[in-house]
Amino acid sequence: MNLTGKNFLKLLDFSGEEIEYLVDYAAMLKEQKKTGIEHKLCKGKNIALIFEKTSTRTRCAFEVAAYDLGMNVTYLDPSASQIGNKESIADTARVLGRMYDGIEYRGFEQERVEILAESAGVPVWNGLTNESHPTQILADFLTIKEHFGTLTGKKLVFMGDSRYNMGNSLMVGCAKMGMHFVACAPKKYFPSNELVDKCKEIAKQTGAVLEFIEDPMTATKNADVIYTDVWVSMGEPESVWEERIKDLTPYQVNDKLMENAGEKCVFMHCLPAFHDLNTVIGRKIHEKYGITSMEVTDSVFESKASIVFKEAENRMHTIKAVMAATL
Ligand code: CP
Ligand code: NVA
């Protein structure tokens, strides 16, 4: 498998074999790290991290992974770069491509990271756009593989807004890996017909099953993984909160749903999650709407079935694999 020089922009650009290779490569790098085996595979290289939206996990995962690989890092925060305002994305790409060996980009439209990649001349990695979050899916798949031993045939139910980055990318990933993907939400939150059609074509080759179900109990029966994400994503206007709370409250991941899925079912979430009142936004929403948790109850989040922190750790190992493989 040779991925040298390749961008990592969306999972649609990769075959199932390539995705599995990256997941297994990450597992190997994780094992090396745990046993203290140094792996400075990219010694002396320099990378730039552009964040037009905020981050905890993705930024830290890229930085720690880069240091473990022997690289140097420059972080450009949402207010510190001229990108798009004073200088076009293509011009910025041509500048950074002459200084850095690889560039991570987190921002708004997918088109922006695609333009960056066209002009940079070095590998570009998507750290989240409105449409996709491919490095997150690698971490999710590593976590599922560690837990169940395989990805093939596993049933993953995504509860909530499946039109956005997480729902889209999980659907593509599951289609590529021959998994059983269920989007569970009111119809208007299902992924676009265009993306669903692409995934159905992929599923014909891989044996994946794709379903779109409005009833939570039907959708989650026998699920191996119940997955959810925040109801309002970064960059969306505050005005959508009211509608989302009304529409998605019946899709909250709670004990009843987990019990309905069965004992083997695990809970996953890309994080950050609104499961209690220990956040500023969580408290604001509580004051206005009276709810104490949103997409997941505190009881599920803190339960034995919840593997969210293992999943968060795996962001680092999988991002490391992506960088080592493409540089
Ligand atoms: N899951 C994830 O991408 O987290 P951050 O927004 O903290 O990077
Ligand atoms: N859908 C969320 C994912 C965060 C990792 C967002 O875009 O804010």
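Both counts, for ligands and for their atoms, begin at 1 and track the order of listing.
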Donor on one side chain, acceptor on other, Thr129 and Glu109, under 3.5 Å: no
Shortest reach to atom 7 (O) of ligand 2 by a heavy atom, considering only Thr54, Asn168, Asn165: Asn165
Distance flag, aromatic centroids of Phe309 and Phe301, threshold under 6.0 Å: yes
Residues Asn126 and Tyr105: side-chain donor-acceptor under 3.5 angstrom: no
Check: Arg163/Ser192 side-chain N/O donor and acceptor closer than 3.5 Å: no
N/O separation below 3.5 Å, Leu128 to ligand 2: no
Contact atoms of ligand 2, heavy-atom distance to Met234 under 4.0 Å: 6 (C), 7 (O), 8 (O)
Those atoms of ligand 2 less than 4.0 Å from some heavy atom in Asp229: 1 (N), 2 (C), 3 (C)
Flag for Asn314-Lys145: side-chain donor and acceptor within less than 3.5 Å: no
Min N/O separation Ser233 to ligand 2 under 3.5 Å: yes
Amino acids contacting ligand 1, non-hydrogen cut-off under 4.0 Å: Ser55, Thr56, Arg57, Thr58, Arg106, His133, Gln136, Cys270, Leu271, Arg315
Test: Lys188 and Glu243 ion pair at under 4.0 Å: yes
Atom indices of ligand 2, in the order listed, that fall short of 4.0 Å to a heavy atom of Leu271: 5 (C)
Enclosure of Glu242 CD (heavy-atom neighbours >12, cutoff 6.0 Å): no
Salt-bridge criterion met for Glu287 and Arg283 (N-O under 4.0 Å): no
Under 3.5 Å: donor-acceptor pair, side chain of Glu311, backbone of His269: yes
